[in-house]
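Working notes for the structure below.
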Protein chains: 2
Amino acid sequence: MQPRANRRVTREEVARLAGTSVAVVSYVVNDGPRPVAEATRQRVLQAIKDTGYQPNGIARALASGTTRTFGAIVPNIANPFVAALAHELLQESMKYGHVMLLGDSGDSSQQEREVVLSLLNRQTDGLIYISVDRHPYSDLIRQHGTPVVMLDGVSPAAGIAVLRVDERRAAKDVTLHLLSHGYQRVGVISGPLSMLNTRDRLAGWRDAMDSYRLPVNDSWIVPADYTREGGYLAARQLLAEKQYPDALFVCNEPMAIGCLRALAEQGINVPDDLALVCFNGTDQAAYHQPSLTCVRQPIASIASSALKILREWQGGGGLTESQYFLQTGRSCGCVL
Amino acid sequence: MQPRANRRVTREEVARLAGTSVAVVSYVVNDGPRPVAEATRQRVLQAIKDTGYQPNGIARALASGTTRTFGAIVPNIANPFVAALAHELLQESMKYGHVMLLGDSGDSSQQEREVVLSLLNRQTDGLIYISVDRHPYSDLIRQHGTPVVMLDGVSPAAGIAVLRVDERRAAKDVTLHLLSHGYQRVGVISGPLSMLNTRDRLAGWRDAMDSYRLPVNDSWIVPADYTREGGYLAARQLLAEKQYPDALFVCNEPMAIGCLRALAEQGINVPDDLALVCFNGTDQAAYHQPSLTCVRQPIASIASSALKILREWQGGGGLTESQYFLQTGRSCGCVL
DNA sequence: CTGAAAGCGCTAACAT
DNA sequence: ATGTTAGCGCTTTCAG
């Protein structure tokens, strides 16, 4: 099959024009592994310019065994937190001359499988992997031998590195912040109960309630699906209770935003009538009415750590914890 | 260089185990181009299962001339409109077994150049290209011969396909909507004046004002940088005028969001004190207070059209216009 | 229906 | 310092 209509210029043509061999052209292009006389180098560079030669990365990848390409598998790039992280990953990859294949699972575990297989056979130099649920396809990846960093709550295993924040502690901290304002009936809008990170975040909320010796009311835990719409519906459901909470811990930002809308529609003032904090906020948090108090992950440093692990891959499977921080807005009752 | 520690299984091993030749293995794996006897096929399939063979996509790409990979070059994946579009592009690519290299220019034209070169030498089967400004590197792409669809306001050229909405008309329509509510002093928060789409959107706003025979006040055009922060600052600047507009056309959604924040801080009610519409809204538009009236682009159909153009590439350079639609929220004064 | 073999464009070891 | 050449793993033509 002809990939393209117009003939591509190859190394051979450059070599002929420069009156040298293809090896020397390689040495010039790659600045190694052997030295080249300055005069020759100049002739080669000129020939490259004249012919408009551009190296074929695929051929180089086949011969060298490295594609200079990473892969990222994410649940859905349209999620602002994921998009912000992807942005950092892309910026960071480029610093080392790598590009990134982005695999979007469309929030479906089945589709995630296809994405994983697809990226594996593209021979990426490494994978960043955020699974949609707690059944990641890590075995497929390990079997293939591609280095991988999971940014998930899963436990590390042989051949799988994990980089994450301690979500349980983070959830506890942000709930404690709420409690420090004097709220006592703190409900939760959580993600799907089947997901690992939902469990961690719920556990953190419980830890906080326990440390204040406050009772937890199970009807105040409303599971939703991590979307704005889900948060909206969950909030409406909660408001239908005869006695609803005076504060909420919402397990991600999109749901908090949906929640805010439901509350506004019912004329419930945040934070006066109902305070609210959320997990995994983004830059958007400061731009809502009221601004959202949230747990934030240091996405830039996560991105650079993750890629560093891939670059220096030792076949390893360590666990790296990254820091988180609280960003206060007005939604929790703080006066700014 | 050794790409990986553990030995990979190749076609040859499969062939040996199945007692046949590598060509037949190929025929089985690719389901062509030559037929294979059923008995042989079964033996090969079994051998593949036994060895855990996974084809090497790079070698296949080199031999076949097609990488089954597209590339997308975007200004910044963290922009919600871009992220939503990328999501659709990724979903659509996958339908045809393609993956996508994502190039993020980081809103920098210089970095965009590197990204373009990087994706070009990876031999993608085609590129989707949104340039950060009006100086796209289309020449580099055309010279390389890679099919490309630009989702921009640029004019089509030989070897470059363009897919876009008529931004001028869209801007006019949404401004007319504002005017239909009776506002007369409509200001603009625009993008950088150097950008092509800024000009189109401004022209549309002028068209609308003209058709109502309303005067336009140049101090009501505040250029910003298409970010939330930029919109925030622009709004504050506008409010400092002695007599400011009674309505605003904001040239993208992030700026409208920044604007909303500035107005809320000043206690200015939207839409009662100042109405507002924006360009390129996303699903988020409905979740702000008040919900945003905006021009929306049909991202799913844009994604599928763009990829269709790449798949059926004829070396062509056509212009395809895609429809837009207005989504009404409360920010313009509509009562919902 | 199946096998042998010539590439795809490049890297890098081995010669010189 | 430079040239020669054997692969990298696969596709596909050309012969059986």
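Naming convention: chains lettered A, B, ... in sequence-line order (proteins, then strands); numbering from 1 in each chain. What you see below is based on every heavy atom in this structure, not just the backbone, and it leaves out hydrogens, waters and symmetry mates.
For the pair I48(B) CD1 and dC10(D) P, the interatomic distance rounds to 10 Å; values are reported in whole Å. As rounded to whole Å, 11 Å separates atom P of dT11(D) from atom CG of N121(A). The CZ-P distance, from R43(B) to dT2(C), rounds to 8 Å in whole Å. Between the C1' atom of dT2(C) and the CD atom of Q42(B) lies a distance of 17 Å, rounded to the nearest Å. Spacing between atom CZ of R16(A) and atom P of dG3(D) amounts to 14 Å, rounded to whole angstrom units. One interatomic measurement links the two molecules: CZ of R122(B) to C1' of dC10(C), which rounds to 15 Å at whole-angstrom precision. Going from atom CD of E38(B) over to atom C1' of dT2(C) covers 16 Å, rounded to whole Å. The nearest whole Å value for the distance from the CZ atom in R68(A) to the P atom in dC10(C) is 13 Å.
In this structure, T40(A) reaches the dT2(D) phosphate: one of its side-chain N or O atoms is under 4.0 Å from OP1 or OP2. Side-chain N/O atoms of S26(A) include one lying less than 4.0 angstrom from OP1 or OP2 on dT11(C). Residue R11(A) places at least one side-chain N or O under 4.0 Å from the OP1 or OP2 atom of dC10(C). The shortest distance between the side-chain N/O atoms of N30(B) and the OP1/OP2 oxygens of dT11(D) is below 4.0 Å. Distances shown here put a side-chain N or O of R60(A) below 4.0 Å from the OP1 or OP2 atom of dT11(C).
K95(B) has a carboxylate O that lies under 4.0 Å from a charged side-chain N of E92(B), or vice versa, which qualifies the two as a salt bridge. Salt-bridge check for R43(A) with D50(A): failed, with every basic side-chain N at 4.0 Å or more from each acidic carboxylate O.
If you find the closest nucleotide of DNA chain C to L62(B) and to S21(B), the one lying nearer the 5' end belongs to S21(B). Comparing I58(B) and V24(A) along DNA chain D, the residue whose closest nucleotide (by nearest heavy atom) sits nearer the 5' end is V24(A).
A donor N or O paired with an acceptor N or O is found under 3.5 Å between the base of dG3(C) and the side-chain atoms of Y27(B).
In this model, no donor atom of one side chain and acceptor atom of the other lie less than 3.5 Å apart for Y226(B) and N280(B). Under 3.5 Å, the side chains of Y137(B) and S131(B) contain no donor-acceptor pair of N or O atoms. Checked by atom type, the side-chain pair S109(A)/R113(A) shows no donor-acceptor distance below 3.5 Å.
For CD of E38(B), the number of neighbouring non-hydrogen atoms (other residues, nucleotides, ligands) closer than 6.0 Å is greater than 12.
The side chain of T10(B) approaches dG9(D) more closely than any other nucleotide in the set dG9(D), dG3(D), dG9(C). Listed candidates were dT12(D), dA1(D), dC10(D). Nearest to the side chain of A23(B) is dT12(D). Nearest nucleotide to the side chain of V22(A), out of dA1(D), dT4(D), dG9(D): dT4(D). The side chain of P33(B) has dT12(D) as its nearest neighbour among dC10(D), dC10(C), dT12(D).
Counting non-hydrogen atoms under 4.0 angstrom, V36(B) reaches the backbone sugars and phosphates but no base. Nucleic acid contact class of A37(A) (heavy atoms, under 4.0 Å, all strands): sugar-phosphate only.
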